[in-house]
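Per chain, numbering begins at 1; letters A, B, ... match sequence-line order.
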Amino acid sequence: MSKRTIKDLLKKPEIVGIGNQVTVQGWVRTKRGNNTIAFIALNDGSIVHNIQIVAELSQFDENVIKKVTTGASLRVTGKLVESQGKGQAVEIQASEIVVLGSADPELYPLQKKGHSMEYLREIAHLRPRTNYFGCVLRLRHAMSYAIHTYFHNHGYFYMHTPIITASDAEGAGAMFTVTTMDLNNVPKNANGEVDYTQDFFGKHTCLTVSGQLEGELGALALGKIYTFGPTFRAENSNTPRHLAEFWMIEPEVAFFDIVDNMDMAEDFIKFLVRFALENNMDDLQFLNDMFDKELIERLHFVVDNKFVRLTYTEAIDILIKSGRKFEYKVEWGVDLHAEHERYLVENHFKKPVILTDYPKEIKAFYMKLNEDGKTVRAMDVLFPKIGEIIGGSERESDYEKLLQRIRDLHIPEKDVWWYLETRKFGTVPHAGFGLGFERLMLFVTGMQNIRDVIPFPRTPQNAEF
RNA sequence: UCCUCCUUAGCUCAGUUGGUUAGAGCACCUGACUGUUAAUCAGGGGGUCCUAGGUUCAAGUCCUAGAGGGGGAGCCA
């Protein structure tokens, strides 16, 4: 008697063989039938599809069948047979059904009909049992695996950068303080300020907003590294594209310039999307059929087409010449707003766009200054609907120029002395970028809201489950 | 944080210019049906109309405040 996943039975029935006994375990999605026969759709999470369990009611205790309701967990043993009905190739002719756990149909929050995304978020503890979220979780796994696979195959090393950090040098955003101090009785110094010398680390510490600066330290030793870990932003952002806790992938490569960086970013994203198309077609097909009729087409489009590359200056030119009335005025020097990026990606080019060489004033201190003295070698990868999916740059590798930028921006040198030393000792050109994992998931799943592609979303005023 | 929309049965939603007992589909319960495909058919139960005030003879409906949620914007990945 072999226990098998439903995926094995549906995809490789020859493993068991038609006519042979098999045991499956899972959760009931629906039960239909009449007073002589019942059809139970059983799902075990191994695949989006259910296996049909056929039960001749004369062979079963009425009280057992009565407990077979949507949400109940079962162990079913029976014969794997070719289905007499349409809609599935094989099914199980049940000889034994054990209800492992019942689910009171009056109380079970999930029904066989569709629910709204908003409602499912409120029951995130049961949301993994829905078809759609099963697809999301399987795809999250597939993309995580693909990320490690891509980097491993290209000679990168996975580096673990700290979650708790004392530096906010990047200025990437508001941070969450990490402390063990008694908040009802915070120690103060002579100036009346919080005395962090009495805190656990003896200084003010926060959750990381980026592993990049530490990642650079690794790249300037191992050549190619990447990080893939949780990242935290304390901004009061309430949008379908932001989370307070998310996962970020940050490759960093020595001897890479901005063009190498763009080539790698494009190749990397295309690899990931291709991986999903090749390994998770059942999940993608379900999401395509139920939520987003153009999903698969869009994924193919990204894999098959070169990303458009242009400079910030060229983009500004296109925006001005478009004659469009934008809410935010377009002129050289301003940061591009969502409406501008959307115009470029969705209206003008109609494909992913990589923008480079932004004015130094609107970008971070560590980006390499161009010869013009006005722009830096930044690159943003812009995707339809999602906007910025990747942000990166070639880094400033010249000690004097970097020091000057640090002083211009009034960044305390005592906080970044270690970062500066990488440019003092054996500096090399290098580049890297950050990819928001959940933004990638938005693109790959076609979901509309970032809260629907992470198991337990953390957003302002919400840390349930 | 700003703008805007929404909140009515377990779920999704309708509810007209304010008017008698607030509806539908699905779910649930009962029954019918020998292979169903979100099964079908018949019947039944199920409501703090988000909360608190207010206007009115009369409020699900109008006004004020609050709570929760969606969308857009900003910040960014």
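- Every residue two or more places apart in sequence or in another chain was checked for a ring pair (Phe, Tyr, Trp, His ring centres under 6.0 Å) with A:H152, and none qualifies.
- Applying the salt bridge (charged side-chain N to carboxylate O under 4.0 Å, His left out) test to A:D260 and every residue at least two apart in sequence or in another chain returns nothing.
- What separates CG of A:D380 from P of B:rC75 is a distance of 12 Å, to the nearest Å.
- The residue A:S116 sits close only to the backbone: its heavy atoms come under 4.0 Å of sugar-phosphate atoms, none of a base.
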remark   = Protein heavy-atom contacts under 4.0 Å, written 5' to 3' over nucleotides 2-8 of chain B as B (base), S (sugar-phosphate only) or - (none), form the string -------
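- Under the rule for a side-chain contact (heavy atoms from CB on, under 4.5 Å), the partners of A:R241 that lie at least two apart in sequence or sit in another chain are A:T239, A:R439.
- Across all strands, A:A41 comes closer than 4.0 Å to no nucleic acid atom at all (heavy-atom distances).
- Closest approach of A:K67 and A:A72 over heavy atoms only: O-CB, 3.6 Å.
- Taking atom P on both nucleotides, B:rG19 is separated from B:rU34 by 49 Å, rounded to a whole Å.
- Comparing the C1' positions of B:rA22 and B:rU55 gives a spacing of 22 Å, expressed to the nearest Å.
- Nucleotides B:rU7 and B:rG15 have their P atoms positioned 10 Å apart, rounded to a whole Å.
- Residue A:F433 is out of contact with every strand shown, counting any heavy-atom pair closer than 4.0 Å.
- Using a 4.0 Å cut-off between charged side-chain N and carboxylate O, A:R309 and A:E266 make a salt bridge.
- Between A:E252 and A:K224, no side-chain nitrogen of the basic residue sits less than 4.0 Å from a carboxylate oxygen of the acidic one, so the salt-bridge criterion is not met.
- In terms of the side-chain hydrogen bond (donor to acceptor under 3.5 Å, both in side chains) criterion, residue partners of A:D289 (sequence neighbours excluded) are, by chain and number, A:Q285.
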Scan the side chains in residues 324-335 of chain A for donor-acceptor partners under 3.5 Å anywhere in the protein, sequence neighbours excluded, and list what turns up.
residue: A:W332; atom: NE1; partner: A:T313; partner atom: OG1; Å: 2.9

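- If you check every strand for non-hydrogen atoms under 4.0 Å, A:I389 touches sugar and phosphate atoms only.
- Rounded to whole angstrom, the span from the CD1 atom of A:I123 across to the C1' atom of B:rA27 amounts to 14 Å.
- Between A:F465 and A:H125, the gap from one ring centroid to the other is short of 6.0 Å.
- Remark: P of B:rA73 and CZ of A:F326 are 13 Å apart, rounded to the nearest angstrom.
- Residue A:E250 contributes atom CD, which lies 13 Å from atom C1' of B:rC76 at whole-angstrom precision.
- When heavy atoms are screened at a 4.0 angstrom cut-off, A:Q111 is found touching base atoms of the nucleic acid.
- Taking atom NE2 of A:H340 as the reference point, atom C1' of B:rG74 lies 13 Å away to the nearest angstrom.
- Within residues 434-454 of chain A, the residues having any heavy atom under 4.0 Å from RNA chain B are, by residue number, A:G434, A:G436, A:R439, A:N449, A:R451.
- The pair A:D44-A:K7 does not meet the salt-bridge criterion, since no charged nitrogen lies less than 4.0 angstrom from a carboxylate oxygen.
- For A:K363 and A:P240, each mapped to the nucleotide of RNA chain B holding its nearest heavy atom, the one lying further toward the 5' end belongs to A:P240.
- Taking atom CD of A:Q461 as the reference point, atom P of B:rG69 lies 8 Å away to the nearest angstrom.
- The separation of B:rG69 from B:rG54, taken at their C1' atoms, amounts to 26 Å, rounded to a whole angstrom.
- Residue pairs meeting the ring pair (Phe, Tyr, Trp, His ring centres under 6.0 Å) criterion with at least one member in residues 99-123 of chain A, sequence neighbours excluded: A:H115-A:Y119.
- Spacing of P atoms, B:rC28 relative to B:rU37, comes out at 16 Å, to the nearest Å.
- Residue-level contact check: A:F246 touches the bases, meaning some heavy atom is under 4.0 Å from a base atom.
- Residues that satisfy the side-chain contact (heavy atoms from CB on, under 4.5 Å) test with A:E361, not counting sequence neighbours, are A:P359.
- One finds a side-chain N or O of A:R121 lying less than 4.0 angstrom from the OP1 or OP2 phosphate oxygen of B:rG70.
- Atom CD of A:Q88 sits in a crowded spot, with more than 12 heavy atoms from other residues, nucleotides or ligands closer than 6.0 Å.
- An OP1 or OP2 oxygen of B:rC75 is reached within less than 4.0 angstrom by no side-chain nitrogen or oxygen of A:H242.
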query = RNA chain B in dot-bracket, Watson-Crick or G-U pairs under 3.5 Å, [ ] crossing, | other strand?
reply = (((((((..((((.....[...)))).(((((.......))))).....(((((..]....))))))))))))....
key: Per-nucleotide protein contact string for nucleotides 29-48 of chain B (B base, S sugar-phosphate only, - none; heavy atom under 4.0 Å)   = SS--BSBBBBB---------
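- With both ends at atom C1', the span from B:rG60 to B:rU20 equals 15 Å, rounded to whole Å.
- Spacing of P atoms, B:rU17 relative to B:rC63, comes out at 14 Å, to the nearest Å.
- Between A:D335 atom CG and B:rG74 atom P the separation is 10 Å, expressed in whole Å.
- Heavy atoms of A:P109 sit nowhere under 4.0 angstrom from any nucleic acid atom.
- Pairing each heavy atom of A:I225 with each of A:Y156, the nearest pair is O-CD2, 3.5 Å.
- At a threshold of 4.0 Å, the pair A:D282-A:R138 does not count as salt-bridged, since none of the basic side-chain nitrogens sits closer than that to a carboxylate oxygen.
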Please table the atom pairs, donor to acceptor, closer than 3.5 Å between any side-chain atom in residues 51-60 of chain A and protein atoms at least two apart or in another chain.
residue: A:Q52; atom: OE1; partner: A:R32; partner atom: NH2; Å: 3.2
residue: A:Q52; atom: NE2; partner: A:E91; partner atom: OE1; Å: 3.1

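- With hydrogens and angles ignored, no donor-acceptor pair under 3.5 angstrom links the side chain of A:S237 to the base of B:rC76.
- Regarding A:L243, its CG atom lies at a distance of 17 Å from the P atom of B:rC76, rounded to whole Å.
- Rounded to whole Å, the separation between the C1' atoms of B:rG35 and B:rU40 comes to 13 Å.
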